Amino acid sequence: MAEPSSTAATAATAATAATAATAATASTADPPAPVTKSWADEADEETNNTSTAESESSSINLEALTIDDKEKNSSKFLDDPDDSNIQAVTSGDTPYTSAARFEDLSLSPELLKGLYVEMKFEKPSKIQAISLPMILSPPHRDLIAQAHNGSGKTTCFVLGMLSRVDPKVQAPQALCVCPTRELAIQNVEVLRRMGKYTGIASECLVRLDRDAVHVSKRAPIMAQVVIGTPGTIKKFISFKKLGTSRLKILVFDEADQMLAQEGFRDDSLKIMKDIEKDNKKCQVLLFSATFNDTVKNFISRTVKMDHNKLFVKKEELSLDAVKQYKVYCPDELAKIDVIKDYIFEIGENVGQTIIFMATRDSARLLHQALVNLGYEVTSIQGSLSNEERDKVVKEFKDGLTQVLISTDILARGFDQQQVNLVINYNLPNKHSLRDEPDYEVYLHRVGRAGRFGRKGAVFNLICDENDERLMSKIENHFGTCVTEVRAQSVEEYKAALKEAGLLQ
DNA sequence: AAAAAAG
């Protein structure tokens, strides 16, 4: 199946390039849109306590956002009962109209062409329809936005950056901070594709190679959009190679991790403060699939008082499209047997697989063990060199490798549509508490499968009481049932994958 | 006890 890879998802796969191209040039009435897939962008009840931070906030329903659906009765978008559950809290009295079409967003023709021709998008996904008007219309309020994995968050902020930047001004006007090198590179690639016809320049600021020119000897950045990781961005700002005075928009991808105490909080706050020094009105966008209550609380005090926000209920985040299984293994060593004897036996035909590991060493060792047994697998973890990391990711994205062993370096944001199977070799747990799961990491790992609303499956390998405790806590937290697979025959696994919709 | 970035 020939499909565009590494794109943020929208509901628009079905569009052919031909019809999309016509739509890009003619802003006349669109043909009736096909039925939109439901993206499980869902409701939230938890936001009632967070809205106390701003007394003038008004909570609005999606129905209230739909003003002209009589005219666009072809669009089931905002009326779809499964799909009308994002909780939007807007600040002040600025009215926002959900964008049923990209044409509703006053985008430049060049940007529309990028969306239709290069990205082959047809119309905004749920989160895009709601968040883009908030991002793009004055007074450009800060935004905290949560949306389901694979629902098109990247497009929201990439489009926001491309749209707000003035291509005639040769200075950084949009900055995006990401937790990993891989995610920064992926986001830049999306931005370059989407902005292909705009003439907007971009620069990716990630850890430099040892033999690279030192920052102090570099020319200042002229590119309008800069995407990178915290350390390198801080470095460029402190060496005055990244000017902050012209920045109009600052994005934190995986914002909960970027602003978590145990994450990148210090770096992120430093970057925010550096920008504030000479720039009072830079719009801040915070995007993630997950915001636990602690970080949500901190974040709402970090952004400007009059921010907008979009939240999803945690029970609704667990992916209906991805079927979750648990496999009881007698001991740690038996996990390798489960992988080679069962999962590899049937996994070849179901697309690509990512195996998540707890540590760099265990990733390296499992890789070695499987290679010694004659299996073709690759692995990635933070102790590899830049070149090795880039090579492993590229090979996987190009479909040259089928099985990738990874630490949580790829747990968030990594977008490869052909990944249908995720193996949790270990369940993720909080670093301080061995018997407390890291629900956010679990959700992000699971979200590597089932991109774009596709089918997917997760096998959680379980071998002791602690694993069982973690598993049941995860089930409770997301309100989902994780089905047991007995590690006794290939047939059991086949049945599981059939049930998940991955096998006929 | 760890992963991530980066020093």
Side-chain angles (χ1 to χ4, degrees), chain A residues 175-188 204-212 214-216 226-239 241-242 252-272 274 288-290 292 295 332 354-367 379-390 392-393 404-414 422 424-448 464 466-467 469-470:
Chain A
L175 175 61
C176 172
V177 194
C178 313
T180 62
R181 171 191 176 82
E182 283 67 27
L183 197 47
I185 293 171
Q186 179 179 285
N187 286 338
V188 156
C204 187
L205 291 189
V206 292
R207 188 173 58 177
L208 304 162
D209 293 316
R210 270 180 294 279
D211 54 351
H214 190 263
V215 196
S216 59
V226 176
I227 299 180
T229 44
T232 310
I233 289 174
K234 277 197 319 187
K235 199 168 175 183
F236 271 70
I237 292 178
S238 68
F239 278 95
K241 301 299 182 186
L242 172 57
F252 288 93
D253 194 7
E254 307 300 340
D256 60 325
Q257 189 190 8
M258 299 311 294
L259 285 159
Q261 186 86 69
E262 61 280 15
F264 293 95
R265 179 178 291 182
D266 293 347
D267 288 340
S268 298
L269 292 180
K270 173 85 168 76
I271 292 169
M272 282 173 134
D274 282 346
S288 182
T290 52
N292 68 35
V295 77
E332 279 290 321
I354 300 182
I355 304 175
F356 281 109
M357 310 294 290
T359 66
R360 294 174 171 190
D361 266 349
S362 58
R364 190 176 48 78
L365 292 171
L366 180 65
H367 181 179
S379 71
I380 184 169
Q381 33 89 1
S383 69
L384 298 183
S385 70
N386 293 343
E387 303 78 42
E388 286 173 299
R389 285 165 64 162
D390 294 350
V392 169
V393 167
L404 178 55
I405 299 165
S406 173
T407 57
D408 284 325
I409 190 171
L410 293 188
R412 285 171 172 261
F414 183 71
V422 164
N424 281 325
Y425 199 90
N426 310 93
L427 288 170
N429 56 284
K430 293 222 167 78
H431 79 117
S432 47
L433 304 160
R434 206 175 162 274
D435 58 355
E436 188 62 15
D438 191 321
Y439 302 108
E440 285 72 38
V441 170
Y442 181 81
L443 190 89
H444 284 281
R445 284 182 177 186
V446 172
R448 293 321 100 210
D464 60 18
N466 193 55
D467 288 346
R469 260 199 306 277
L470 292 170

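Quick note on labels: first sequence line is chain A, next is B, and so on, each numbered from 1. Predicted model only: the values in this text are computed from it and were never measured.
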**Q** Output all residues satisfying side chain to side chain contact (heavy atoms under 4.5 Å, CB included) with A:Ser379, sequence neighbours left out; order by chain, then residue number.
**A**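 A:His367, A:Ile405.
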**Q** Excluding sequence neighbours, so at least two apart, what forms side-chain hydrogen bond (donor to acceptor under 3.5 Å, both in side chains) with A:Asn187?
**A**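 Here the qualifying residues are A:Asp253.
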**Q** Would you mind writing out the side-chain donor-acceptor pairs for residues 432-440 of chain A within the sub-3.5 Å range, not counting sequence neighbours?
**A**
from, atom 1, to, atom 2, distance (Å)
A:Glu436, OE1, A:Lys473, NZ, 3.1
A:Asp438, OD1, A:Glu440, N, 3.3
A:Asp438, OD1, A:Val441, N, 3.0

**Q** Apply ring pair (Phe, Tyr, Trp, His ring centres under 6.0 Å) to A:Tyr425 and list each qualifying residue two or more places apart in sequence or on a separate chain.
**A**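 Ring pair (Phe, Tyr, Trp, His ring centres under 6.0 Å) check on A:Tyr425 returns nothing, list empty.
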**Q** Across nucleotides 1-7 of chain B, 5' to 3', mark each nucleotide with B, S or - according to how protein heavy atoms within less than 4.0 Å reach it.
**A** BBBBSSS
**Q** Applying side chain to side chain contact (heavy atoms under 4.5 Å, CB included), can you list everything that pairs with A:Val206, at least two apart in sequence or on another chain?
**A**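 Checked A:Val206 against side chain to side chain contact (heavy atoms under 4.5 Å, CB included); matches are A:Arg181, A:Ala184, A:Cys204, A:Thr229.
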